[in-house]
Amino acid sequence: MLSTPLAAALARRDIHYAWVVVAVTFLSMLVSAGAVGAPGVLLLPLQREFGWDTADISTAMAIRLLLFGLMGPFAAAMINRFGVRRMVLSSLTLVGGGLLASLAMREVWQLILLWGFVVGFGTGLTAMVLGATIATRWFVARRGLVIGLLTASSATGQLVFMPLLSMLTEAYGWRTAIALLCGLIAVAALAMLALMRDRPADLGLSAVGEVGAASPAAPAGAILSAALGALRDAAGTRAFWVLFATFFICGASTNGLIQTHLIPLCVDFSVPEVQAAGLLALMGIFDFVGTVGSGWLSDRYDNRWLLVWYYGLRGLSLLYLPYSDFTLYGLSVFAVFYGLDWIATVPPTVRLTAERFGRERANLVFGWIFAGHQLGAASAAFGAGLSRTALQTYLPAFATAGALCLLAAVLVPLVGSRAKPVAAAD
């Protein structure tokens, strides 16, 4: 492994190896984001080639999003037990294998199996808890900033992949776009194999900003008992259910709706597919800025009130969308305001989870909260597709998501002021 000599070389330059871990994790999450977001670009090409309707394809998308979320708490327990490197390599292998096999699919059940179950399970092995795990294990200082950076990897994945996949699909077909994703997944797996370490203590280091000796690893325990035990303890608190409900709304108004259905919605209003994919890229630019900025702010201000602003602005932007007339100017205004807080909600939510449930259990509890996020995403992915098939329009789904975001802004203060961690091993 390159990590030991590289850590020593960086230490001589007063650079902590944690930043290498962040870079490798960023790359892994970036290519995974490309795999998760690809169906939003490929939905229409699949319809044209195979004749599948929107509801059928949305079923596969909903299963993928649902598994991505429901695996979260168990993924956290498996990361604690088997280590970050093994779990990420397993995840990338499954995702790459599922995408590679999909090059030969011909029937809708194959789409559901490969893009729904295989890719959903593969991405779920790390899910969003990977970034939370790295931030809480390797950082005490600058934790919010790191969560923002790692969360923004999905925005960067959008920025890099969505327009590129759209152009490749238009020029060479959707299979070429999938083949590119498979190659990039292989590159990320090699970087993870060579450079990732599970904890600072593996290299004789303390976390960034930690005073004293390196923190020992908490006993991992059995996977099911660790995940379910964290749920049992957290479920007795109001804070957990408020965070779960608001993150459900977060998922319903982002991955499940915009990432999956924005391009088909724009096409319904005569916006070309490549231009609509460019709109997602513009959102990605502003979301990268907004999410990193959110991480910085979450280290300095009350995270509850940050979430009030984020959900409120997101709700207003979604309610504005039908009135944009789907012109270049109107859609650009939407992309800027919506993009700034697409996933800016994650750093404050992770910090609130760590504050209330303890550093060692933060990834387990956040896994359950993230399951709520993906339940919302799956509901919106299927519900919006059903709306398009049954009502011939997506607009009711977008209006509902906007109203739910305003509700989330009202719910967030109910988390309450900072409390002693619940059953924590901090």
Side-chain angles (χ1 to χ4, degrees), residues 19 22-23 25-34 36-37 68 72 126-136 138-139 142-162 243 246-247 249-259 262 279-318 334-354 362-363 366 369-370 373-374 376-377 405 408-409 412:
W19 296 108
V22 168
T25 305
F26 187 98
L27 176 62
S28 173
M29 294 178 70
L30 183 148
V31 297
S32 293
V36 170
F68 183 55
T126 52
M128 194 67 76
V129 298
L130 174 61
T133 300
I134 295 301
T136 53
W138 285 83
F139 292 85
R142 302 181 184 175
R143 184 181 294 167
L145 176 62
V146 171
I147 294 170
L149 284 168
L150 294 179
T151 304
S153 63
S154 62
T156 307
Q158 239 177 193
L159 169 64
V160 172
F161 291 117
M162 299 299 266
L243 292 173
T246 53
F247 230 40
I249 294 170
C250 181
S253 57
T254 53
N255 305 58
L257 187 67
I258 294 293
Q259 197 167 45
L262 181 65
L279 184 67
L280 284 170
L282 180 62
M283 289 181 191
I285 295 172
F286 283 96
D287 184 56
F288 185 87
V289 174
T291 304
V292 174
S294 175
W296 184 85
L297 290 170
S298 71
D299 287 329
R300 291 162 175 79
Y301 299 103
D302 189 326
N303 289 266
R304 296 171 301 159
W305 297 110
L306 292 177
L307 289 174
V308 169
W309 279 100
Y310 298 158
Y311 283 118
L313 290 173
R314 183 188 299 173
L316 292 174
S317 66
L318 286 168
F334 169 75
V336 170
F337 282 96
Y338 180 89
L340 280 171
D341 77 353
W342 180 320
I343 46 177
T345 53
V346 175
T349 302
V350 172
R351 283 193 65 90
L352 287 170
T353 304
N363 65 347
F366 181 71
I369 293 169
F370 184 67
H373 183 282
Q374 294 308 107
C405 287
V412 166

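This is a predicted model, so every value here is computed, not measured.
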- Query: Any donor and acceptor pair, going by atom type alone, linking the side chain of Thr291 with main-chain N or O of Phe288 inside 3.5 Å?
  - Reply: no
**Request:** Kindly indicate, with the supporting measurements, whether the criterion side-chain contact (heavy atoms from CB on, under 4.5 Å) is fulfilled by Thr254 and Tyr338.
**Result:** CA-CA 10 Å; Thr254 53; Tyr338 180 89; 3.4 Å; yes
| request: Apply side-chain contact (heavy atoms from CB on, under 4.5 Å) to the pair Val412 and Trp305, showing each step before the final yes or no. | output: CA-CA 8 Å; Val412 166; Trp305 297 110; over 6 Å; no
Thr353 (side chain) donor-acceptor with Thr349 (main chain) under 3.5 angstrom = yes
In this structure, CG of Leu257 is separated from CG of Leu262 (nearest 0.5 Å) by 8.0 Å
Mind running ring-ring contact (aromatic ring centres under 6.0 Å, His included) on Trp19 and Phe139 for me, showing each step along the way? CA-CA 10 Å; Trp19 296 108; Phe139 292 85; 4.9 Å; yes
- Do Val22 and Trp138 come close enough that some side-chain heavy atom pair is under 4.5 Å? no
Here the gap from Leu352 atom CG to Phe366 atom CZ, rounded to the nearest 0.5 Å, amounts to 11.0 Å
With a 3.5 Å distance limit and no angle check, can you tell me whether Ser298 reaches the backbone of Gly295 through a side-chain donor-acceptor pair?
yes
message = I want to check something: taking the side chain as every heavy atom from C-beta on, are Met283 and Ile258 in contact at a cut-off of under 4.5 Å?
response = yes
Closest non-hydrogen contact found for Pro347 with Gly148 is CG-CA, 3.7 Å
With a 4.5 Å limit on heavy-atom distance, are the side chains of Ile249 and Cys405 in contact?
-> yes
query: Under 4.5 Å between any side-chain heavy atoms of Cys250 and Tyr311, yes or no?
result: yes
dist Asp341:CG -> Leu307:CG (nearest 0.5 Å) comes out at 10.0 Å
### Task
Evaluate side-chain contact (heavy atoms from CB on, under 4.5 Å) for Val289 paired with Phe286, printing each intermediate quantity in order.
CA-CA 5 Å; Val289 174; Phe286 283 96; 5.6 Å; no
When every non-hydrogen atom of Asn303 is compared with those of Pro348, the smallest separation belongs to OD1-CA, 3.1 Å
Kindly indicate whether the side chain of Leu145, heavy atoms from C-beta on, has any atom under 4.5 Å from the side chain of Val292. yes
dist Leu150:CG -> Thr133:OG1 (nearest 0.5 Å) comes out at 10.5 Å
Given side chains that start at C-beta, do those of Leu318 and Phe334 come closer than 4.5 Å, heavy atoms only?
-> yes
*Test Leu313 against Phe337 for side-chain contact (heavy atoms from CB on, under 4.5 Å), laying out the working first.*
CA-CA 7 Å; Leu313 290 173; Phe337 282 96; 5.7 Å; no
Heavy atoms of Arg314 and Ser253 approach each other most closely as NH1-OG, 3.0 Å
OH of Tyr310 to CG of Leu297, rounded to nearest 0.5 Å, is 5.0 Å
Heavy atoms of Ala409 and Gly312 approach each other most closely as CB-N, 3.8 Å
